[in-house]
Amino acid sequence: MVREAKDTKMRFANALFELCETKDINKITVSDVLRATRAAKQTFYNHFKDINDLIFFASMAHFEEDYARFYTEQGCLDIFNYVKKHRAFFRQLPRHEGQNCFRETHLAWLKSIYYTEALQGEPCEVSMQKHQLDAYLYGIVDLFMDWCTSDMAWSPEAIAKVIFDSKPPFLHCDPLPDAHLKRASGTSTYAFES
C-alpha cells in the first residue's frame, strides 16, 4: 500500500516536471496535472492538499528516498545530477510564490531535522552550534536557489563540493541517524511549524 501511494505521488510529480517544460510553475493548476495524468480529482486530493503541496513533494521526493545522500560528497553530487535531470522544474522553483514556497519550506524541513538531531552539549555550546548550523543551512539553500536561477551554470561537481566542504565541523559525520530512519519508516511529514 505504501509503495502504491509513493508510485501515485511520483506519477503526479513526473507530470509536474513535464508541465514545467512548457508552463510557468506559478500558473500550473491541479486541473493541468489531472489532464496530464488522466487521474481522478479525488485521487489527487487523497495524496496532496493542493498544487503547492505537490510542488513541495516534487522538490523533496528524491531527497527523502535516501538520506545518506546528505552525508557524502558523492551523495551531494547525485542530488545535483537529479536536479539537472529535472532542470525545467528546479530552474523555476526559486520563483515559486505563496504557500509552501521552496526556500522557507525547505529551511523549515532542514531545521526540524538538524535542530532535533544534531544540536548537543552544554547550552553555550548548543547556542554556538545553532548559529553555525543556521549560517550553513541558509547558505546552502540560498546557494542552491542561486544555482537553479543561473540555469545551473556551475557543474554539479563544483556545487556539491562547495556545499559539502562548507559543513560546520560538528556535522562531518552522519549526525542524523535517527532522523532519516524515522522518515524512511513513513513518519515523514511535509508540514512544519516555524
Side-chain angles (χ1 to χ4, degrees), residues 9-29 32-33 36 51-114 118 131-176 180 183 188 190 192:
K9 290 173 98 168
M10 283 309 301
R11 193 172 104 209
F12 288 121
N14 288 327
L16 179 63
F17 292 149
E18 288 180 32
L19 286 165
C20 283
E21 296 283 342
T22 58
K23 196 166 184 175
D24 184 289
I25 195 168
N26 291 308
K27 296 194 189 296
I28 295 173
T29 65
D32 294 329
V33 174
I51 193 70
N52 293 312
D53 199 27
L54 169 59
I55 290 169
F56 183 68
F57 171 80
S59 70
M60 296 304 299
H62 184 69
F63 307 117
E64 287 208 342
E65 241 174 55
D66 179 5
Y67 281 88
R69 289 183 176 117
F70 284 109
Y71 310 122
T72 66
E73 194 169 330
Q74 181 59 49
C76 288
L77 180 58
D78 291 347
I79 289 169
F80 290 108
N81 283 322
Y82 175 83
V83 168
K84 279 193 92 158
K85 178 180 171 187
H86 299 291
R87 168 183 254 133
F89 171 77
F90 283 96
R91 188 179 57 220
Q92 295 187 56
L93 201 54
R95 293 192 324 265
H96 178 238
E97 302 166 349
Q99 171 191 345
N100 289 353
C101 75
F102 178 77
R103 183 179 188 276
E104 299 310 316
T105 307
H106 192 63
L107 278 167
W109 178 77
L110 287 170
K111 285 179 179 184
S112 74
I113 295 170
Y114 280 97
H131 293 308
Q132 289 176 320
L133 193 52
D134 283 346
Y136 173 67
L137 296 177
Y138 279 90
I140 65 171
V141 169
D142 287 344
L143 183 64
F144 174 76
M145 291 180 66
D146 286 347
W147 183 68
C148 290
T149 303
S150 76
D151 201 24
M152 302 164 195
W154 301 349
S155 71
E157 293 80 9
I159 189 100
K161 182 161 182 43
V162 167
I163 287 176
F164 188 76
D165 289 349
S166 66
K167 281 184 178 182
F170 66 94
L171 291 180
H172 278 285
C173 61
D174 176 357
L176 314 174
H180 66 267
R183 281 158 182 78
S188 176
Y190 295 104
F192 302 101

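For the numbers below, each heavy atom of this structure counts, side chains included, while hydrogens, waters and symmetry mates do not. All values reported here derive from a predicted model rather than from experimental measurement.
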Is the closest basic N to carboxylate O distance between Arg95 and Asp24 below 4.0 Å? yes

NZ of Lys161: more than 12 outside heavy atoms within 6.0 angstrom? no

Distance, nearest 0.5 Å, that separates CZ of Phe12 from CZ of Phe57: 11.0 Å

Quick check against the 3.5 Å criterion: does Trp154 have a side-chain atom that pairs as donor or acceptor with the backbone of Trp147? no

Between NE2 on residue His86 and SG on residue Cys20, distance to nearest 0.5 Å: 11.0 Å

Would you give the length of the straight line joining atom NZ of Lys167 to atom CG of Leu133, rounded to the nearest 0.5 angstrom? 11.0 Å

Please check: side-chain N/O of Gln132 versus main-chain N/O of Pro168, any donor-acceptor pairing under 3.5 Å? no

Taking all heavy atoms of Leu77 and all of Glu157, pick out the closest pair and write down the distance. CD1-N, 3.5 Å

With a 3.5 Å cut-off and no angle check, do the side chains of Asp78 and Gln74 form a donor-acceptor pair? yes

Working to the nearest 0.5 Å, report the span between CD1 of Ile55 and CG of Leu16. 5.5 Å

Mind checking whether Phe80 and Phe144 have parallel, tilted or perpendicular rings, split at 30° and 60°? tilted

Verify whether the ring centers belonging to Phe102 and His96 lie closer than 6.0 Å. no

Would a distance-only check, ignoring hydrogens and angles, find a side-chain to backbone donor-acceptor pair under 3.5 Å from Glu18 to Ala36? no

Please report the C-alpha distance between Asp142 and Arg103 in whole Å, then the side-chain angles of each, then the deciding distance to 0.1 Å, and finally whether the salt bridge (charged side-chain N to carboxylate O under 4.0 Å, His left out) criterion is met. CA-CA 8 Å; Asp142 287 344; Arg103 183 179 188 276; 2.6 Å; yes

Rounded distance [0.5 Å steps], CZ in Arg87 versus CD in Glu21: 10.0 Å

Between CD1 of Ile159 and SG of Cys148, what distance do you get to the nearest 0.5 Å? 8.5 Å

Please determine, by modelled atom types, if Thr149 and Asp146 share a side-chain donor-acceptor pair under 3.5 angstrom. no

Give a yes or no answer on whether the side chain of Asp32 reaches the backbone of Leu19 with a donor-acceptor pair at less than 3.5 Å. no

Over all atoms of both residues, closest heavy-atom pair of Phe89 and Ile25: CE1-CD1, 3.7 Å

